[in-house]
Each structure stands twice: as C-alpha cells, then as structure tokens.
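Accompanying notes for the structure given below.
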Amino acid sequence: MSLVTLRTLPGMKIECTHNESGATFMAATPKMYNGSGDSFSGTDLCATSLGVCATTIMSVYARDNGMDICGMTVELDKEMNASPRSIGGVRLVFNMPDRGYDAMQKQALEESIRTCPICLTLKGVVQDISFRW
C-alpha cells in the first residue's frame, strides 16, 4: 500500500489521504494559476513540512530531556523565486512558552532542530530560523 493517495476534485482541488490512518486534508491550486487559493498549495505544504518536522524533532528532544515545550507556537512564511518558480526561503519563528529555560537548555533546543530531515533535505532553500524566549 502507498503512503498517501492524492485524488483530484472539481475546481483544481486535491484530496490528500494518509493511507495508514485515513487522515485527509485538502490542497488547492493557487490563485496565480487561476485556482481558488482556499487551501494549502504544494509549496505551502513543503514549507509547512519544514516547520512540522523541526517542531517534531524539538518535541522529541524536549521529551527525552525532561523539558516542557507544550504551548509553543511557530510562525512560518515562505518566499518564492520568480524564475525558475521555486521556494527561495522559509522563515520560522519559534515562540517558546515561559518555562524558565536556562541558557544551556535554550541552546540545546535551538540546535536540536538542525537535525530535522527536512531542514537537511532543503539545503538549497534559505532557512531563517529564530526563537522568541
């Protein structure tokens, strides 16, 4: 069985199903391509995957080291290159909960995301990552 099944729908929308769990979400063609733009585009999903992966890696590190990051939020933006049309950069701002982390904990949490598989895969994409403590 495949990992994900994509099914095209009217209005240039795409239903994405995770086959193991049955979880679904919708993607949409961006307005610049005469789509609705009312959901994630492929490049939105790529940038979002970077944020999800980095957050997952940090969450695992925090759990394994007795730190609580519950309530952390991440603001994510992407910049597109014009030609060829591609993702030029992704900006991630990690808003950390007030837990009284010491300097070593902060450094370790910040460094933990550098092992994120998507961070490593998107080497040619500028990754502007910052933290608000």
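What you see is a predicted model, and the numbers here were worked out from it, not measured in a lab. Just so it is clear, the values below take in all heavy atoms, side chains as well, and ignore hydrogens, waters and symmetry mates.
Environment of CG in D98: sparse, with no more than 12 heavy atoms of neighbouring residues, nucleotides or ligands closer than 6.0 Å. Within 6.0 Å of the CD atom in E15, the count of heavy atoms belonging to other residues, nucleotides or ligands exceeds 12. For Y101, the OH atom is densely surrounded, since the number of other residues' heavy atoms within 6.0 Å is greater than 12.
The side-chain heavy atoms of V126 and E79, taken from C-beta on, include no pair separated by under 4.5 Å. Residues S41 and K31 have side chains not in contact (no heavy-atom distance under 4.5 Å, counting atoms from C-beta outward). When side chains are defined from C-beta on, T29 does not count as touching N34, because their heavy atoms never get closer than 4.5 Å. Between M96 and K106 the shortest side-chain heavy-atom distance does not fall below 4.5 Å. Proximity of P97 to D68: side-chain heavy atoms (C-beta onward) are nowhere separated by under 4.5 Å. Residues Y61 and M67 have side chains in contact (heavy-atom distance under 4.5 Å, counting atoms from C-beta outward). Looking only at side-chain heavy atoms (C-beta outward), I14 and M26 stay at 4.5 Å or farther from each other. Considering only heavy atoms from C-beta on, V93 comes within 4.5 Å of R132 through its side chain.
Minimum interatomic distance between L120 and T115 (heavy atoms only, all atoms of both residues): CD1-O, 3.9 Å. Nearest approach of I57 to S112, heavy atoms of both residues: CG2-O, 3.1 Å. Annotation for N19 and S2: closest pair ND2-O, 2.8 Å, computed over non-hydrogen atoms. Taking each heavy atom of I129 and I113 in turn, the nearest pair found is CG2-CD1, 3.5 Å. Between S49 and I118 the shortest heavy-atom distance is O-CD1, 3.4 Å.
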Pair Q127-C119, side-chain contact (heavy atoms from CB on, under 4.5 Å): steps then yes or no: CA-CA 8 Å; Q127 299 171 33; C119 285; 3.4 Å; yes
Derivation and outcome, side-chain contact (heavy atoms from CB on, under 4.5 Å), residues R85 and M32: CA-CA 12 Å; R85 193 84 176 129; M32 72 176 295; 3.1 Å; yes
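Between L50 atom CG and L92 atom CG the span is 5.0 Å, to the nearest 0.5 Å. Residue S130 holds its OG atom at 9.0 Å from CD of E110, rounded to the nearest 0.5 Å.
Of the possible polar contacts, one joining the Q105 side chain to the D102 backbone as a donor-acceptor pair under 3.5 Å is found.
Under the 30°/60° scheme for interplanar angles, the aromatic rings of F94 and F131 are found to lie parallel.
There is a side-chain donor-acceptor pair under 3.5 Å between K78 and T43.
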